[in-house]
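The structure appears right after this line, and notes come after that.
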Amino acid sequence: MATTTMPLQVEELTSYAPSTRVTSVDMLRGLTVAMMLLVNDPGDWEHIFRQLNHAEWNGWTLTDLVFPTFLFLMGAAMVFSMNARTSRGESWKTQSGHVVLRSAKIFALSIAISLFPLMQWNSMRFYGVLTRIALCYLVAGLVLVATQRAAVVIATAAGMLAIYWALLCWVPVPGAGVPGRDIPLLDEVRNLTAWVDRGVVAWTQHWLHTGALFKDTSDPEGLLSTLPAVASTLLGSVAGTAMRRFATAKPGEKQRSLMHRVQIWLACAGVAGVGLGELWSIWLPVNKNLWTPSFVVLMAGWTSLLLAGCSWLVDGREQPWPRWLRVVTWPWLVFGANAITAFVFSEAFVKLMLAIKVPGAEGDQNTLWDRVYYRVFAHSGSTEWTSLAFALTFVGFCFLPLWWMWRKKIFWRA
(Lines give C-alpha, C1' and ligand atoms only; values in the text may rest on other atoms or scores of the structure.)
Protein backbone atom coordinates (compact mmCIF):
# COMPACT_ATOMS: atom_id res chain seq x y z
CA MET A 1 0.00 0.00 0.00
CA ALA A 2 1.12 3.55 -0.64
CA THR A 3 0.17 6.88 0.87
CA THR A 4 0.00 10.19 -0.92
CA THR A 5 -0.60 13.66 0.41
CA MET A 6 -2.56 16.43 -1.25
CA PRO A 7 -3.53 19.87 0.10
CA LEU A 8 -7.29 19.33 0.23
CA GLN A 9 -10.06 21.01 2.17
CA VAL A 10 -13.83 20.73 1.64
CA GLU A 11 -13.84 23.26 -1.18
CA GLU A 12 -10.70 21.79 -2.72
CA LEU A 13 -12.29 18.33 -2.83
CA THR A 14 -14.68 19.80 -5.39
CA SER A 15 -11.93 21.14 -7.62
CA TYR A 16 -9.40 18.41 -8.36
CA ALA A 17 -7.01 18.90 -11.24
CA PRO A 18 -9.28 18.44 -14.25
CA SER A 19 -6.95 16.05 -16.02
CA THR A 20 -7.02 13.50 -13.21
CA ARG A 21 -10.33 13.73 -11.33
CA VAL A 22 -14.04 14.21 -11.87
CA THR A 23 -15.86 15.20 -8.70
CA SER A 24 -19.04 13.28 -9.48
CA VAL A 25 -17.09 10.00 -9.77
CA ASP A 26 -15.49 10.52 -6.36
CA MET A 27 -18.81 11.52 -4.83
CA LEU A 28 -20.74 8.52 -6.16
CA ARG A 29 -17.89 6.17 -5.21
CA GLY A 30 -17.98 7.49 -1.64
CA LEU A 31 -21.76 7.08 -1.46
CA THR A 32 -21.36 3.54 -2.81
CA VAL A 33 -18.72 2.61 -0.23
CA ALA A 34 -20.83 4.02 2.61
CA MET A 35 -23.78 2.00 1.33
CA MET A 36 -21.55 -1.08 1.13
CA LEU A 37 -20.66 -0.73 4.81
CA LEU A 38 -24.30 -0.17 5.72
CA VAL A 39 -25.62 -3.32 4.05
CA ASN A 40 -22.64 -5.47 5.10
CA ASP A 41 -22.94 -4.72 8.81
CA PRO A 42 -26.49 -4.85 10.20
CA GLY A 43 -26.86 -5.47 13.89
CA ASP A 44 -28.87 -8.64 13.32
CA TRP A 45 -29.00 -10.57 10.04
CA GLU A 46 -32.40 -11.97 11.01
CA HIS A 47 -33.94 -8.49 11.00
CA ILE A 48 -33.13 -6.54 7.83
CA PHE A 49 -35.25 -4.40 5.59
CA ARG A 50 -35.67 -6.13 2.25
CA GLN A 51 -33.90 -3.45 0.22
CA LEU A 52 -30.92 -3.61 2.59
CA ASN A 53 -30.33 -7.29 1.90
CA HIS A 54 -29.39 -9.15 -1.27
CA ALA A 55 -32.07 -10.85 -3.30
CA GLU A 56 -32.18 -14.49 -2.25
CA TRP A 57 -31.62 -15.69 -5.81
CA ASN A 58 -33.20 -14.23 -8.98
CA GLY A 59 -34.25 -10.58 -8.91
CA TRP A 60 -32.50 -7.64 -7.29
CA THR A 61 -32.66 -5.11 -4.50
CA LEU A 62 -30.95 -1.80 -3.78
CA THR A 63 -28.18 -3.75 -2.06
CA ASP A 64 -27.44 -5.67 -5.26
CA LEU A 65 -26.67 -2.36 -6.98
CA VAL A 66 -23.76 -1.54 -4.66
CA PHE A 67 -20.90 -3.78 -5.83
CA PRO A 68 -21.46 -3.43 -9.60
CA THR A 69 -21.61 0.35 -9.10
CA PHE A 70 -18.24 0.24 -7.35
CA LEU A 71 -16.69 -1.77 -10.21
CA PHE A 72 -18.27 0.54 -12.81
CA LEU A 73 -16.77 3.58 -11.07
CA MET A 74 -13.42 1.81 -10.73
CA GLY A 75 -13.38 1.41 -14.49
CA ALA A 76 -14.21 5.10 -14.95
CA ALA A 77 -11.43 6.16 -12.56
CA MET A 78 -8.90 3.89 -14.28
CA VAL A 79 -9.25 5.92 -17.47
CA PHE A 80 -8.22 9.12 -15.71
CA SER A 81 -5.36 7.42 -13.87
CA MET A 82 -3.97 5.79 -17.00
CA ASN A 83 -4.19 8.95 -19.08
CA ALA A 84 -2.38 10.86 -16.34
CA ARG A 85 0.39 8.26 -16.45
CA THR A 86 0.53 8.50 -20.23
CA SER A 87 0.87 12.28 -20.01
CA ARG A 88 3.88 11.74 -17.74
CA GLY A 89 5.50 9.69 -20.49
CA GLU A 90 4.96 6.18 -19.07
CA SER A 91 5.09 3.41 -21.67
CA TRP A 92 2.49 0.68 -22.08
CA LYS A 93 4.96 -1.74 -20.51
CA THR A 94 5.35 0.41 -17.39
CA GLN A 95 1.61 0.86 -17.09
CA SER A 96 1.01 -2.87 -17.50
CA GLY A 97 3.47 -3.52 -14.70
CA HIS A 98 1.62 -1.04 -12.51
CA VAL A 99 -1.68 -2.81 -13.19
CA VAL A 100 -0.22 -6.22 -12.31
CA LEU A 101 1.49 -4.91 -9.17
CA ARG A 102 -1.57 -3.10 -7.86
CA SER A 103 -3.76 -6.14 -8.51
CA ALA A 104 -1.30 -8.30 -6.58
CA LYS A 105 -1.36 -5.85 -3.65
CA ILE A 106 -5.14 -5.85 -3.50
CA PHE A 107 -5.22 -9.66 -3.64
CA ALA A 108 -2.61 -9.90 -0.87
CA LEU A 109 -4.72 -7.50 1.19
CA SER A 110 -7.74 -9.73 0.58
CA ILE A 111 -5.90 -12.77 1.94
CA ALA A 112 -4.58 -10.81 4.94
CA ILE A 113 -8.07 -9.58 5.87
CA SER A 114 -9.48 -13.08 5.40
CA LEU A 115 -6.93 -14.49 7.85
CA PHE A 116 -7.25 -11.65 10.37
CA PRO A 117 -7.27 -11.84 13.38
CA LEU A 118 -6.82 -15.57 14.10
CA MET A 119 -4.33 -16.08 11.25
CA GLN A 120 -5.48 -19.65 10.62
CA TRP A 121 -5.61 -21.12 7.13
CA ASN A 122 -8.84 -22.97 7.84
CA SER A 123 -10.56 -19.62 8.39
CA MET A 124 -9.44 -18.17 5.07
CA ARG A 125 -11.93 -17.37 2.32
CA PHE A 126 -10.19 -17.67 -1.04
CA TYR A 127 -12.83 -15.57 -2.79
CA GLY A 128 -14.20 -12.24 -1.61
CA VAL A 129 -14.89 -8.63 -2.52
CA LEU A 130 -11.22 -7.58 -2.60
CA THR A 131 -10.27 -10.67 -4.60
CA ARG A 132 -12.88 -9.78 -7.21
CA ILE A 133 -11.70 -6.16 -7.27
CA ALA A 134 -8.12 -7.36 -7.82
CA LEU A 135 -9.07 -9.65 -10.71
CA CYS A 136 -11.30 -7.05 -12.36
CA TYR A 137 -8.60 -4.41 -12.01
CA LEU A 138 -6.05 -6.79 -13.54
CA VAL A 139 -8.03 -7.88 -16.60
CA ALA A 140 -9.78 -4.58 -17.29
CA GLY A 141 -6.57 -2.67 -16.67
CA LEU A 142 -4.62 -4.69 -19.22
CA VAL A 143 -7.41 -4.21 -21.76
CA LEU A 144 -7.37 -0.45 -21.19
CA VAL A 145 -3.59 -0.30 -21.46
CA ALA A 146 -3.95 -1.90 -24.89
CA THR A 147 -6.81 0.33 -26.05
CA GLN A 148 -9.34 2.84 -24.75
CA ARG A 149 -11.32 3.12 -27.95
CA ALA A 150 -14.94 2.99 -26.86
CA ALA A 151 -16.06 0.72 -29.70
CA VAL A 152 -13.35 -1.84 -28.96
CA VAL A 153 -13.94 -1.76 -25.20
CA ILE A 154 -17.70 -2.17 -25.63
CA ALA A 155 -17.15 -5.04 -28.07
CA THR A 156 -14.79 -6.69 -25.58
CA ALA A 157 -17.32 -6.37 -22.76
CA ALA A 158 -20.11 -7.67 -25.02
CA GLY A 159 -17.94 -10.64 -26.00
CA MET A 160 -17.34 -11.50 -22.34
CA LEU A 161 -21.06 -11.35 -21.62
CA ALA A 162 -21.88 -13.49 -24.66
CA ILE A 163 -19.32 -16.12 -23.66
CA TYR A 164 -20.62 -16.21 -20.08
CA TRP A 165 -24.22 -16.42 -21.31
CA ALA A 166 -23.30 -19.44 -23.42
CA LEU A 167 -21.49 -21.07 -20.49
CA LEU A 168 -24.46 -20.64 -18.19
CA CYS A 169 -27.13 -21.76 -20.63
CA TRP A 170 -25.63 -24.39 -22.91
CA VAL A 171 -22.55 -25.98 -21.36
CA PRO A 172 -23.42 -29.22 -19.48
CA VAL A 173 -22.77 -29.13 -15.75
CA PRO A 174 -20.65 -32.19 -14.87
CA GLY A 175 -22.74 -34.71 -12.99
CA ALA A 176 -25.98 -32.78 -13.54
CA GLY A 177 -26.67 -32.23 -17.24
CA VAL A 178 -27.61 -29.45 -19.63
CA PRO A 179 -29.26 -26.34 -18.10
CA GLY A 180 -32.85 -25.88 -19.23
CA ARG A 181 -33.12 -29.52 -20.29
CA ASP A 182 -31.83 -31.82 -17.57
CA ILE A 183 -31.75 -29.25 -14.77
CA PRO A 184 -33.49 -25.90 -14.24
CA LEU A 185 -31.78 -22.87 -15.77
CA LEU A 186 -29.77 -21.07 -13.06
CA ASP A 187 -30.34 -23.82 -10.53
CA GLU A 188 -28.97 -22.66 -7.17
CA VAL A 189 -26.71 -25.68 -6.69
CA ARG A 190 -26.35 -27.28 -10.12
CA ASN A 191 -24.87 -24.50 -12.21
CA LEU A 192 -21.47 -24.17 -13.86
CA THR A 193 -20.21 -21.33 -11.67
CA ALA A 194 -20.93 -23.31 -8.51
CA TRP A 195 -19.18 -26.36 -9.98
CA VAL A 196 -16.08 -24.27 -10.74
CA ASP A 197 -16.16 -22.67 -7.29
CA ARG A 198 -16.25 -26.06 -5.60
CA GLY A 199 -13.34 -27.24 -7.71
CA VAL A 200 -11.18 -24.22 -6.91
CA VAL A 201 -11.90 -24.44 -3.19
CA ALA A 202 -11.19 -28.19 -3.21
CA TRP A 203 -7.83 -27.45 -4.82
CA THR A 204 -6.96 -24.78 -2.26
CA GLN A 205 -8.02 -27.09 0.57
CA HIS A 206 -5.68 -29.76 -0.80
CA TRP A 207 -2.66 -27.47 -1.04
CA LEU A 208 -3.31 -24.82 1.61
CA HIS A 209 -5.80 -26.48 3.98
CA THR A 210 -8.11 -23.48 3.68
CA GLY A 211 -11.68 -23.07 4.85
CA ALA A 212 -14.80 -23.80 2.86
CA LEU A 213 -16.86 -21.63 0.50
CA PHE A 214 -18.70 -18.55 1.66
CA LYS A 215 -21.83 -20.58 0.93
CA ASP A 216 -22.07 -24.36 0.97
CA THR A 217 -22.13 -24.82 -2.80
CA SER A 218 -20.91 -21.62 -4.48
CA ASP A 219 -19.64 -18.11 -3.84
CA PRO A 220 -21.18 -14.76 -4.85
CA GLU A 221 -17.67 -13.58 -5.78
CA GLY A 222 -16.59 -16.83 -7.42
CA LEU A 223 -14.05 -17.31 -10.18
CA LEU A 224 -16.17 -17.88 -13.29
CA SER A 225 -18.62 -15.08 -12.50
CA THR A 226 -15.67 -12.69 -12.38
CA LEU A 227 -15.77 -12.69 -16.20
CA PRO A 228 -18.99 -10.63 -16.41
CA ALA A 229 -17.78 -8.53 -13.46
CA VAL A 230 -14.83 -7.50 -15.66
CA ALA A 231 -17.41 -6.46 -18.26
CA SER A 232 -19.02 -4.22 -15.60
CA THR A 233 -15.63 -2.57 -15.07
CA LEU A 234 -15.05 -2.09 -18.79
CA LEU A 235 -18.47 -0.50 -19.26
CA GLY A 236 -17.54 1.94 -16.53
CA SER A 237 -14.36 2.81 -18.40
CA VAL A 238 -16.47 3.84 -21.40
CA ALA A 239 -18.29 6.32 -19.16
CA GLY A 240 -14.92 7.52 -17.87
CA THR A 241 -13.65 8.05 -21.41
CA ALA A 242 -16.71 10.15 -22.20
CA MET A 243 -16.36 12.22 -19.03
CA ARG A 244 -12.68 12.81 -19.68
CA ARG A 245 -13.66 14.83 -22.74
CA PHE A 246 -15.01 17.68 -20.63
CA ALA A 247 -12.63 17.11 -17.70
CA THR A 248 -9.60 17.84 -19.87
CA ALA A 249 -11.16 20.72 -21.83
CA LYS A 250 -10.26 24.30 -20.97
CA PRO A 251 -12.75 26.00 -18.64
CA GLY A 252 -15.33 27.99 -20.52
CA GLU A 253 -18.40 27.68 -22.66
CA LYS A 254 -16.98 24.79 -24.67
CA GLN A 255 -16.28 22.78 -21.55
CA ARG A 256 -19.80 23.39 -20.21
CA SER A 257 -21.28 22.37 -23.55
CA LEU A 258 -19.24 19.16 -23.59
CA MET A 259 -20.20 18.42 -19.99
CA HIS A 260 -23.91 18.81 -20.71
CA ARG A 261 -23.65 16.59 -23.77
CA VAL A 262 -21.88 13.88 -21.77
CA GLN A 263 -24.48 14.10 -19.00
CA ILE A 264 -27.25 13.64 -21.55
CA TRP A 265 -25.34 10.75 -23.11
CA LEU A 266 -24.93 9.10 -19.68
CA ALA A 267 -28.63 9.49 -18.97
CA CYS A 268 -29.62 8.05 -22.35
CA ALA A 269 -27.16 5.18 -21.99
CA GLY A 270 -28.59 4.55 -18.54
CA VAL A 271 -32.16 4.36 -19.80
CA ALA A 272 -31.05 2.04 -22.61
CA GLY A 273 -29.14 -0.18 -20.17
CA VAL A 274 -32.08 -0.48 -17.79
CA GLY A 275 -34.43 -1.27 -20.65
CA LEU A 276 -32.10 -3.83 -22.23
CA GLY A 277 -31.38 -5.47 -18.88
CA GLU A 278 -35.08 -5.86 -18.10
CA LEU A 279 -35.74 -7.21 -21.59
CA TRP A 280 -32.85 -9.68 -21.37
CA SER A 281 -34.11 -10.88 -17.99
CA ILE A 282 -37.09 -12.47 -19.77
CA TRP A 283 -34.73 -15.16 -21.11
CA LEU A 284 -31.91 -14.92 -18.54
CA PRO A 285 -33.00 -13.75 -15.07
CA VAL A 286 -31.22 -10.96 -13.24
CA ASN A 287 -29.08 -12.70 -10.62
CA LYS A 288 -26.37 -11.04 -8.55
CA ASN A 289 -24.97 -14.29 -7.13
CA LEU A 290 -24.20 -15.54 -10.65
CA TRP A 291 -23.60 -12.01 -12.00
CA THR A 292 -25.70 -12.82 -15.06
CA PRO A 293 -25.25 -10.69 -18.21
CA SER A 294 -28.75 -9.24 -17.75
CA PHE A 295 -27.65 -8.18 -14.26
CA VAL A 296 -24.51 -6.52 -15.69
CA VAL A 297 -26.44 -4.48 -18.25
CA LEU A 298 -29.21 -3.52 -15.83
CA MET A 299 -26.81 -2.39 -13.11
CA ALA A 300 -24.64 -0.49 -15.61
CA GLY A 301 -27.78 1.32 -16.72
CA TRP A 302 -28.75 2.35 -13.20
CA THR A 303 -25.17 3.43 -12.41
CA SER A 304 -25.04 5.56 -15.56
CA LEU A 305 -28.24 7.29 -14.46
CA LEU A 306 -26.83 7.89 -10.98
CA LEU A 307 -23.58 9.20 -12.42
CA ALA A 308 -25.45 11.54 -14.76
CA GLY A 309 -27.40 12.89 -11.79
CA CYS A 310 -24.28 13.38 -9.66
CA SER A 311 -22.48 15.04 -12.56
CA TRP A 312 -25.40 17.43 -13.09
CA LEU A 313 -25.32 18.25 -9.37
CA VAL A 314 -21.60 18.91 -8.82
CA ASP A 315 -19.46 18.88 -11.98
CA GLY A 316 -18.51 22.30 -13.32
CA ARG A 317 -20.31 24.15 -10.51
CA GLU A 318 -18.69 27.50 -9.74
CA GLN A 319 -16.82 27.94 -6.47
CA PRO A 320 -17.66 28.42 -3.69
CA TRP A 321 -20.45 25.89 -3.56
CA PRO A 322 -23.64 26.70 -1.66
CA ARG A 323 -23.38 25.67 1.96
CA TRP A 324 -26.18 23.08 1.62
CA LEU A 325 -24.33 21.36 -1.24
CA ARG A 326 -21.05 21.25 0.66
CA VAL A 327 -22.82 19.71 3.66
CA VAL A 328 -24.70 17.15 1.56
CA THR A 329 -21.70 16.00 -0.50
CA TRP A 330 -18.87 16.30 2.02
CA PRO A 331 -19.24 12.84 3.69
CA TRP A 332 -19.32 11.05 0.33
CA LEU A 333 -16.26 12.90 -0.91
CA VAL A 334 -14.41 11.89 2.25
CA PHE A 335 -15.46 8.24 1.84
CA GLY A 336 -14.55 8.36 -1.87
CA ALA A 337 -11.07 9.73 -1.18
CA ASN A 338 -10.09 6.54 0.70
CA ALA A 339 -12.55 3.96 -0.60
CA ILE A 340 -10.40 0.82 -0.22
CA THR A 341 -9.24 1.97 3.21
CA ALA A 342 -12.85 2.34 4.33
CA PHE A 343 -13.70 -1.21 3.29
CA VAL A 344 -10.56 -2.76 4.79
CA PHE A 345 -10.99 -0.92 8.08
CA SER A 346 -14.62 -2.00 8.36
CA GLU A 347 -13.81 -5.65 7.59
CA ALA A 348 -10.94 -5.75 10.10
CA PHE A 349 -12.99 -4.09 12.83
CA VAL A 350 -15.96 -6.41 12.32
CA LYS A 351 -13.78 -9.51 12.48
CA LEU A 352 -12.07 -8.19 15.61
CA MET A 353 -15.43 -7.58 17.33
CA LEU A 354 -16.58 -11.08 16.40
CA ALA A 355 -13.34 -12.60 17.70
CA ILE A 356 -13.46 -10.91 21.11
CA LYS A 357 -15.50 -12.92 23.62
CA VAL A 358 -17.21 -11.15 26.53
CA PRO A 359 -18.31 -13.20 29.59
CA GLY A 360 -22.01 -12.98 30.39
CA ALA A 361 -23.81 -12.80 33.73
CA GLU A 362 -24.69 -16.49 33.59
CA GLY A 363 -21.21 -17.62 32.68
CA ASP A 364 -21.86 -17.78 28.95
CA GLN A 365 -19.78 -15.92 26.39
CA ASN A 366 -20.94 -13.61 23.65
CA THR A 367 -19.02 -11.80 20.98
CA LEU A 368 -18.31 -8.12 21.53
CA TRP A 369 -20.51 -7.46 18.48
CA ASP A 370 -23.54 -9.19 20.04
CA ARG A 371 -22.92 -7.62 23.42
CA VAL A 372 -22.88 -4.07 22.00
CA TYR A 373 -25.88 -4.67 19.75
CA TYR A 374 -28.17 -6.40 22.25
CA ARG A 375 -27.19 -4.27 25.25
CA VAL A 376 -27.21 -0.86 23.55
CA PHE A 377 -29.39 -1.02 20.43
CA ALA A 378 -31.73 -3.98 20.93
CA HIS A 379 -32.10 -4.21 24.69
CA SER A 380 -35.89 -4.34 24.25
CA GLY A 381 -35.76 -6.77 21.33
CA SER A 382 -34.22 -6.82 17.88
CA THR A 383 -36.16 -5.31 14.99
CA GLU A 384 -35.38 -4.04 11.51
CA TRP A 385 -35.08 -0.54 12.94
CA THR A 386 -32.62 -1.46 15.70
CA SER A 387 -30.55 -3.42 13.18
CA LEU A 388 -30.51 -0.40 10.86
CA ALA A 389 -29.61 1.95 13.72
CA PHE A 390 -26.61 -0.23 14.55
CA ALA A 391 -25.52 -0.28 10.88
CA LEU A 392 -25.81 3.51 10.59
CA THR A 393 -23.77 3.94 13.77
CA PHE A 394 -21.16 1.57 12.40
CA VAL A 395 -20.89 3.58 9.17
CA GLY A 396 -20.47 6.74 11.24
CA PHE A 397 -17.76 5.07 13.31
CA CYS A 398 -15.88 4.02 10.15
CA PHE A 399 -16.16 7.58 8.88
CA LEU A 400 -14.10 8.97 11.78
CA PRO A 401 -10.66 7.57 10.78
CA LEU A 402 -11.34 8.53 7.16
CA TRP A 403 -12.18 12.06 8.27
CA TRP A 404 -8.91 12.17 10.25
CA MET A 405 -6.96 10.92 7.20
CA TRP A 406 -8.66 13.51 5.02
CA ARG A 407 -7.82 16.33 7.45
CA LYS A 408 -4.23 15.09 7.57
CA LYS A 409 -4.22 14.88 3.74
CA ILE A 410 -3.43 11.14 3.77
CA PHE A 411 -4.72 9.06 0.87
CA TRP A 412 -3.97 5.35 1.01
CA ARG A 413 -3.75 3.56 -2.31
CA ALA A 414 -3.46 -0.21 -2.75
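Remember, it's a predicted structure, so these values are computed and weren't measured experimentally.
- Side-chain contact between Ile340 and Leu109: present, with at least one pair of heavy atoms (C-beta onward) separated by less than 4.5 Å.
- Here the closest heavy-atom approach between residue Met78 and residue Ala140 is recorded as CE-C, 3.9 Å.
- The structure places CG of Leu142 at 10.0 Å from CH2 of Trp92, a figure rounded to the nearest 0.5 Å.
- Between Ser387 and Gly43, the shortest heavy-atom contact is OG-N, 3.1 Å.
- With Ser294 contributing its side chain and Trp280 its backbone, the two residues share no donor-acceptor pair below 3.5 Å.
- Two residues are said to be in side-chain contact when any heavy atoms from C-beta on lie closer than 4.5 Å; Thr61 and Asn53 fail this criterion.
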*asked:* Would Val296 and Met160 count as a side-chain contact (heavy atoms from CB on, under 4.5 Å) here? Give the steps.
replied: CA-CA 11 Å; Val296 172; Met160 291 178 175; over 6 Å; no
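- Rounded to the nearest 0.5 Å, atoms CG (Asp41) and OH (Tyr373) are 13.0 Å apart.
- Ring planes of Phe399 and Trp330: perpendicular class, angle over 60° (limits at 30 and 60°).
- The distance from the CG atom of Leu135 to the CG atom of Leu130 is 11.0 Å, given to the nearest 0.5 Å.
- Of all heavy-atom pairs between Val286 and Gly277, the closest is CG2-O, 4.4 Å.
- Counting heavy atoms from C-beta outward, Asp44 and Phe377 have side chains that stay 4.5 Å or more apart.
- Considering Phe67, Tyr164, Trp60, Trp165 in turn, Phe67 is the only one that fulfils the ring pair (Phe, Tyr, Trp, His ring centres under 6.0 Å) rule with Trp291.
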*asked:* Apply side-chain contact (heavy atoms from CB on, under 4.5 Å) to residues Met35 and Leu52 and explain how you reach the verdict.
replied: CA-CA 9 Å; Met35 187 66 181; Leu52 298 182; 3.7 Å; yes
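- Atoms CZ and OG, from Phe295 and Ser225 in turn, are 10.5 Å apart once rounded to the nearest 0.5 Å.
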*Could you walk me through whether Arg132 and Tyr127 pass side-chain contact (heavy atoms from CB on, under 4.5 Å), step by step?*
CA-CA 7 Å; Arg132 171 153 291 182; Tyr127 297 118; over 6 Å; no
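- For the residue pair Gly141 and Val99, the shortest heavy atom distance occurs at CA-CG1, 4.0 Å.
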*Where do Trp369 and Phe390 land on the ring pair (Phe, Tyr, Trp, His ring centres under 6.0 Å) test, with the steps shown first?*
CA-CA 10 Å; Trp369 181 283; Phe390 180 92; 4.7 Å; yes
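- Using modelled atom types, no side-chain atom of Ser114 and backbone atom of Ser110 make a donor-acceptor pair closer than 3.5 Å.
- With contacts defined as side-chain heavy-atom distances shorter than 4.5 Å, the pair Met243/Asp315 qualifies.
- Formation of a donor-acceptor pair under 3.5 Å by the Arg317 side chain with backbone atoms of Leu313 is found in this model.
- Phe107 places none of its side-chain heavy atoms less than 4.5 Å from the side chain of Tyr137.
- Between Leu73 and Leu307, some side-chain heavy-atom pair lies under the 4.5 Å cut-off.
- Panel note: side chain Ser237, backbone Gly240; no donor-acceptor pair is recorded below 3.5 Å.
- Using modelled atom types, no side-chain atom of Trp283 and backbone atom of Leu279 make a donor-acceptor pair closer than 3.5 Å.
- Counting heavy atoms of neighbouring residues, nucleotides and ligands inside a 6.0 Å radius, atom CZ of Arg323 does not exceed 12 of them.
- No donor-acceptor pair under 3.5 Å is formed between the side chain of Lys288 and the backbone N or O of Ala55.
- For the side chain to side chain contact (heavy atoms under 4.5 Å, CB included) criterion with Cys136, the lone passing option out of Ile106, Thr226, Leu234 is Thr226.
- In this view, Ser281 satisfies the side-chain hydrogen bond (donor to acceptor under 3.5 Å, both in side chains) rule with no residue, not counting sequence neighbours.
- A side-chain donor-acceptor contact under 3.5 Å links Thr303 to the backbone of Met299.
- Each of Thr193, Leu290, Asn191, Asp197 was scored for a side chain to side chain contact (heavy atoms under 4.5 Å, CB included) with Leu224, with one residue passing: Thr193.
- Inspection of the Thr86 and Gln95 side chains reveals an N or O donor paired with an N or O acceptor under 3.5 Å.
- If you check the side chains of Thr94 and Arg85, you find no donor sitting under 3.5 Å from an acceptor.
- With 3.5 Å as the limit, one finds a donor-acceptor pair spanning the side chains of Asn83 and Gln148.
- Of the possible donor and acceptor atoms, one in the side chain of Thr329 sits under 3.5 Å from a partner among the backbone N and O of Leu325.
- Using a 4.5 Å heavy-atom cutoff, the side chains of Leu333 and Thr23 are in contact.
- In this structure, Thr367 and Ile356 have side chains that are not in contact, with every pair of non-hydrogen atoms separated by 4.5 Å or more.
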*After noting the C-alpha distance and the side-chain angles of Phe343 and Asn40, does the key distance pass the side-chain contact (heavy atoms from CB on, under 4.5 Å) rule?*
CA-CA 10 Å; Phe343 180 78; Asn40 280 353; 3.9 Å; yes
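- Annotation: Trp265, atom CH2; neighbour count of heavy atoms from other residues, nucleotides and ligands within 6.0 Å is above 12.
- Contact detail for Arg190 and Pro184: the closest heavy-atom pair is NH2-CD, 3.7 Å.
- Here the rule is side chain to side chain contact (heavy atoms under 4.5 Å, CB included) with Arg29, and of Phe335, Phe70, Phe72 only Phe70 fits it.
- Of all non-hydrogen atoms in Leu266 and Ala308, the two that sit nearest each other are CB-CB, 3.8 Å.
- For the atom pair CG (Leu37) and CZ (Phe397), the distance works out to 12.0 Å, reported to the nearest 0.5 Å.
- Distance CG/Leu168 to CG/Asn287: 9.0 Å, rounded to 0.5 Å.
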